[in-house]
Amino acid sequence: MALRAGRRLSWWGLLVPTVLLYALIFFVPLGVLVGESLRAGSDGPLSGVNYSAFFSDGVTLGIFLRTVRLSLLITLACVLLGYPLALFMRRAGPALRLVALAVVVSPLLTSVVVRNVAWLLVLGREGMVNTLLRQAGLIDAPLPLLYNTFGVVVGVTHVYLAFLVMPVFSSLLSIDPSLEDAAASLGASRTTVFWRVTLPLSFPGLIAGTTLVFVLSMGVYLTPVIMGGSFVTTLPMVMTDLVRNQFDWPRAAAFAIVLLAFIALVLGLSSRAERRIERMRGEGM
Amino acid sequence: MPDNKRPLGLIVSVVAVLVMAFLILPQLILLVQSFTAEDYLSFPPRAYGLRWYAFIFEDPTWRKALGTSLLVAGVVTPLALVFGTAAAIGLDRGPVLVRKAMRTALVSPMVLPHVVLGMAIYRVFLPLRFDDTLGGFMAAHLVLCIPYVIVTVGASLQAFDRTLEQAAASLGAPLGVALWRVTLPLIRPGIVGGAVFAFITSFDEFIVTYFLASRQTTAPIQIFSSLSYQLEPSIAAVSGLTLVITAALSGVLILRGGMTGKGAIA
């Protein structure tokens, strides 16, 4: 009994330092932000004016919707590039798998600033792509690869691809190959097997991956600043500008809370979709 | 691979190789360009040398920024390990309900947009005059790094056989001794992985530090502010150096992962 009591005390004891630290540097700041968002101007009375500004100031809602569109484009790019890679990794041997895995996570382990510098060197006017294309005689003037939506989608897809490939890969690994063999032996072509068996069975990973990529893309700041020039504006850029240049804390805080609420909503819908698929599968068996 | 003889398999392989090139090429181009000996960045460089690496080690601004980054990451990593490992062990032992809720709360800094976190921390540190200080950077980075330690150590703990620790306790070892002598050595892979992630996260961190920094800078902040003038070879050299440091550390991780994580991958 004494041993047991000691144990119970100890798991609390082990958690307490981290919980206190989080309270000071994570939960309290987020709470302060919520409080700030409910004030009309600094030190003003309680009010929802900053939240209504989000929808009615004529600019913010448009930027929010453009951020959603940008995130959808990034998610689409990740699916188109990432799904084939995950299929390839499923078939590859252990050594090749390890190499592919290292390649996929390498952008994640590289600083966001360094990655953007690298892309400037690749896509810039005098960058690698334009230089090679010009030397090959394929173009006369440099292509506009930077300072537009294309550049931002490329830069963000480069790093978030890992978040799509990993869950899809693990979903594909859990598929029993005998299901595909059965479909093939019943006369389905390889294409049919893919569309009717492999793809549907990988939906849980695909949903998890696309959700993660979409949600993370909603918070992107630096890549649009560097690779979008002043031509791509995201909600996080607006929030940062409000804080750093206009010192309009209440508005920036309200926009941050709206962003958090939207992300929570997307995560909630996604986990519901995943549960529904599991249930369907349960009934099918 | 027999699959490659079929058209669909071939297409998948070709796309996969192109995607892998897309993922790794920019970092390689950056490394090549950082060794330019010219005054300006051009592709491909006409002459190679260590000229700009020598420059960043002599230039006081770059030296200070790199030094700050190393110092902050060097202090944050062991602290994150202590907090994160203790928390992961605590989570592993708590009642199931508490465990799930607490874990979600403690790893949430990973998925929360860092812009929001940066704003929130800045808002609290600003009136305390803690924003533009190394201590402030360290405190903020700590919250970003601890989740990685909780995840990696947590994964190690799942594979850990608790009866070993109970055996030590039943032989008379106090719980602290059992933890220190039995549990910790057995979850070392998770701790090493957590250390690597924590160091890289702190060393590479941009947006939260960007909110806090005005006079103090770290390497990523300094690279960003220099970008507003021109893309100089010195920027490529600092970026190249940062890349080499993180790549070396992740190399350790991937090689170890290759030995211990094969079961998970295969």
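A, B, ... follow the sequence lines: proteins, then strands. Residue 1 opens every chain.
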Identify which part of [X] has an atom lying under 4.5 Å from any heavy atom of chain B, answering side chain, backbone, both or neither.
X	answer
A/V154	both
A/I226	side chain
A/F27	side chain
A/V32	side chain
A/V225	side chain
A/A95	neither
A/L123	neither
A/L85	both
A/A162	neither

So which heavy atom on [X] is nearest to which on [Y], and how close?
X	Y	value
A/P29	B/V124	CA-CG2, 3.5 Å
B/A86	A/L14	O-CB, 3.3 Å
B/Q27	A/S106	NE2-OG, 3.4 Å
B/S13	A/R91	OG-NH2, 3.0 Å
A/Y22	B/A105	CE2-O, 4.1 Å
A/L259	B/P113	CD2-CG, 4.2 Å

Top contributor to chain B interface from [options] [non-hydrogen pairs under 4.5 Å]:
options	result
A/G124, A/P84, A/G219, A/A264	A/P84
A/L120, A/L21, A/L87	A/L21
A/G31, A/G127, A/A86, A/A256	A/A256
A/T157, A/T131, A/V215, A/L212	A/T131

So [Y] and [X], do their side chains get closer than 4.5 Å, heavy atoms only?
X	Y	answer
A/V104	B/V19	no
A/L15	B/L106	yes
A/F88	B/M20	yes
B/V111	A/L267	no

What option among [options] has the most heavy-atom pairs under 4.5 Å with chain A?
options	result
B/Q33, B/M119, B/H114, B/E205	B/M119
B/I89, B/V143, B/L18, B/T201	B/V143
B/P44, B/G84, B/P95	B/P95
B/P220, B/A139, B/P109	B/P109
B/A88, B/G94, B/G251, B/S250	B/G94

(message) Checking B/F197 against A/L109 for the side chain to side chain contact (heavy atoms under 4.5 Å, CB included) test, could you report, in this order, the C-alpha distance in whole Å, the side-chain angles of both residues, the deciding distance, and whether it holds?
(response) CA-CA 8 Å; B/F197 276 122; A/L109 297 168; 3.8 Å; yes
(message) Working note: B/L41 + A/E126, criterion side chain to side chain contact (heavy atoms under 4.5 Å, CB included); need CA distance, chi angles, decisive distance, verdict.
(response) CA-CA 9 Å; B/L41 286 167; A/E126 312 289 324; over 6 Å; no
If you round to the nearest 0.5 Å, how far is [atom2] of [Y] from [atom1] of [X]?
X	Y	atom1	atom2	result
B/F125	A/I25	CZ	CD1	5.0 Å
B/I29	A/L121	CD1	CG	8.5 Å
A/L33	B/Y122	CG	OH	13.5 Å
A/W119	B/L30	CH2	CG	12.0 Å
B/L23	A/T110	CG	OG1	10.5 Å
A/F26	B/L142	CZ	CG	13.0 Å

Against chain A, label [X] side chain, backbone, both or neither, depending on which of its atoms sit under 4.5 Å from a heavy atom there.
X	result
B/I245	neither
B/S42	neither
B/P147	both
B/V98	side chain
B/I121	both

(request) Return yes if some donor-acceptor pair links the side-chain N/O of B/S239 with the main-chain N/O of A/V114 below 3.5 Å, else return no. (result)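 Not a single qualifying donor-acceptor pair exists.
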(request) Please name all residues satisfying side-chain hydrogen bond (donor to acceptor under 3.5 Å, both in side chains) with B/T246, sequence neighbours left out, ordered by chain then number. (result)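 Once residues adjacent in sequence are excluded, B/T246 has no partner under the side-chain hydrogen bond (donor to acceptor under 3.5 Å, both in side chains) criterion.
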(request) Evaluate the side chain to side chain contact (heavy atoms under 4.5 Å, CB included) criterion for residues B/R123 and A/V243: first the C-alpha distance (whole Å), next the side-chain angles of each, then the deciding distance (0.1 Å), finally the verdict. (result) CA-CA 9 Å; B/R123 177 68 187 78; A/V243 168; over 6 Å; no
(request) Examine A/R244 relative to B/Y210 and say whether NZ or CZ is less than 6.0 Å from the centre of the six-membered ring and inside a 45° cone about the ring axis. (result)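 Yes.
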(message) Using the rule given for side chain to side chain contact (heavy atoms under 4.5 Å, CB included), can you reason through A/T240 versus B/V115, listing the C-alpha separation, both sets of side-chain angles and the distance that settles it, and then say yes or no?
(response) CA-CA 8 Å; A/T240 309; B/V115 173; 3.9 Å; yes
(request) Identify the residue among B/L91, B/I146, B/V149 that makes a side-chain contact (heavy atoms from CB on, under 4.5 Å) with A/T18. (result)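 Passing option: B/I146.
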(request) Please work out whether the ring planes of A/H158 and B/F22 are parallel, tilted or perpendicular, with thresholds of 30° and 60°. (result)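 If you compare the ring of A/H158 with that of B/F22, the planes turn out perpendicular.
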